[in-house]
Amino acid sequence: MGFADQRFNVNLSILFTELPLLERPAAAAAAGFTAVELWWPWVDSPVPERSALDALKGAIEDAGVQLTGLNFYAGQLPGPDRGALSIPGEESERFRANIDVAAGFAASLGCTALNALYGNRVEGVDPAEQDALALENLVLAGRAADRIGAVLLIEALNRPESPRYPLVSAPAAVTVVDRVNEATGLGNARFLMDLYHLSMNGEDLPAVIARFASKTGHVQIADNPGRGAPGTGSLPLEDLLDQLKKAGYDGWVGLEYKPGDRPSAEAFDWLSR
């Protein structure tokens with residue numbers, strides 16, 4: 001087994017960012033990839049102009065790559081924000097306004113995975129109030145995903161880099177997955193297993209895989225320390241992906257790592273063609 005047996009896609013919100021957004025799909029294709037994923041590209045606009053949506057759709061189609069994953073609106077990402085759906089007031093409303101826009105864009109490109117980042121804790125707001133709002137919004141997002149035949153992904157981040165984000169372990173994220181599925185009855189909420197974030201939390205990655213592979217809808221990787229390409233840190237990523245495959249995971253593996261001090265096109269030397 002090994003890396004050669006995996007299906008890798010490129011996250012165009014962390015790789016190829018030295019290029020304008022509309023040039024990144026073609027750059028990924030030129031690097032040999034057939035699939036890409038994206039954080040919500042318009043960080044200031046949950047409802048961008050139709051022309052912006054059409055331009056990105058055209059760039060993806062012209063490049064001949066498949067969009068396999070898309071984030072719902074998540075605020076300033078990269079930046080201080082870690083999602084919007086649990087934040088009362090304007091941010092929650094912006095998330096809700098984005099749901100049908102993101103789902104519609106995903107559907108137009110055959111994308112069947114939508115990631116909903118939970119959002120940071122807000123000082124002075126009862127966490128239980130935020131969790132109740134989160135469940136309401138995740139139910140709406142799960143139903144929208146179901147309408148286009150997609151899964152709703154819920155991700156654990158890491159505490160050192162996201163200290164106000166409440167889902168900083170695999171069990172915490174999967175608990176929310178289970179709550180959403182119970183509330184909707186649809187069963188399309190799934191865990192986004194990011195091995196970098198989980199390793200930063202000090203989790204036992206083989207144990208996480210054994211326990212939660214069956215509830216996992218997408219996997220992302222970066223090495224640790226450094227969030228660089230495989231081989232730049234100490235994570236046994238090849239072995240971990242083999243374990244995932246043996247546990248039944250056969251989906252895409254998103255490359256969500258930093259290229260370092262080199263062009264992104266040169267950051268794939270670890271992956272034999």
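Throughout, numbering of the chain's residues begins at 1 and tracks the sequence.
For the pair R7 (side chain) and D250 (backbone), a donor-acceptor distance under 3.5 Å is present. The closest donor-acceptor contact from the side chain of S162 to the backbone of R159 lies at 3.5 Å or more, if one exists at all. Looking at R190, its side chain does come within 3.5 Å of a backbone N or O of S214 through a donor-acceptor pair. When atom types are taken as modelled, the side chain of N201 and the backbone of L157 share a donor-acceptor pair closer than 3.5 angstrom.
The side-chain contact (heavy atoms from CB on, under 4.5 Å) test applied to A97 returns V47, not counting sequence neighbours. By the side-chain contact (heavy atoms from CB on, under 4.5 Å) test, A156 pairs with A173, F191, L198, sequence neighbours left out. In terms of the side-chain contact (heavy atoms from CB on, under 4.5 Å) criterion, D261 has no residue partners (sequence neighbours excluded). Scanning for side chain to side chain donor-acceptor pair (under 3.5 Å) contacts around W252 gives an empty result, with sequence neighbours left out. With sequence neighbours left out, Q76 forms a side-chain contact (heavy atoms from CB on, under 4.5 Å) with V43, D44, P80, D81. By the salt bridge (charged side-chain N to carboxylate O under 4.0 Å, His left out) test, D239 pairs with no residue at all, sequence neighbours left out. Judged as a ring-ring contact (aromatic ring centres under 6.0 Å, His included), and not counting sequence neighbours, the contacts of F72 are F95.
Listed by first and then second residue, the side-chain hydrogen bond (donor to acceptor under 3.5 Å, both in side chains) pairs that reach into residues 164-179 are D178-K215, sequence neighbours excluded. Listed by first then second residue, pairs satisfying side-chain hydrogen bond (donor to acceptor under 3.5 Å, both in side chains) with a partner in residues 136-148 read S92-N137, R96-E136, R96-N137, D100-R147, not counting sequence neighbours.
Using modelled atom types and a 3.5 Å distance limit, the side chains of E155 and H218 yield no donor-acceptor pair. Side-chain polar atoms of E91 and Y73 form a donor-acceptor pair below 3.5 angstrom. For the residue pair E238 and Q6, no side-chain donor N or O sits within less than 3.5 Å of a side-chain acceptor on the partner.
Annotation: side chain of S199 is in contact with side chain of N224 (closest heavy-atom distance under 4.5 Å). Considering only heavy atoms from C-beta on, L240 stays 4.5 Å or farther from K245 through its side chain. Residues T184 and L152 form no side-chain contact, since every pair of their non-hydrogen atoms from C-beta on lies 4.5 Å or further apart. A 4.5 Å side-chain heavy-atom check between L56 and L53 finds every atom pair outside the cut-off. Proximity of V125 to P88: side-chain heavy atoms (C-beta onward) are separated by under 4.5 Å at one or more points.
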Cut-off 3.5 Å, no hydrogens considered: what does the side-chain donor-acceptor table look like for residues 12-32, sequence neighbours left out?
from	atom 1	to	atom 2	distance (Å)
S13	OG	W39	N	2.9
E18	OE1	S264	OG	3.0
E18	OE2	S264	N	2.8
E18	OE2	S264	OG	3.3
R24	NE	F16	O	3.3
R24	NE	L19	O	3.0
R24	NH1	L12	O	2.7
R24	NH2	L19	O	3.3

Show me the donor-acceptor pairs, under 3.5 Å and distance only, between side chains in residues 60-70 and residues at least two apart or in other chains.
from	atom 1	to	atom 2	distance (Å)
E61	OE2	K57	NZ	2.7
Q66	NE2	L109	O	2.9
Q66	NE2	G110	O	3.2
T68	OG1	N9	ND2	2.5
T68	OG1	V36	O	3.2

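In this structure, M200 belongs to a hydrophobic cluster whose other members, linked by side-chain heavy atoms under 4.5 Å apart, are Y196.
Separation of the F33 and F268 ring centroids falls under the 6.0 Å cut-off.
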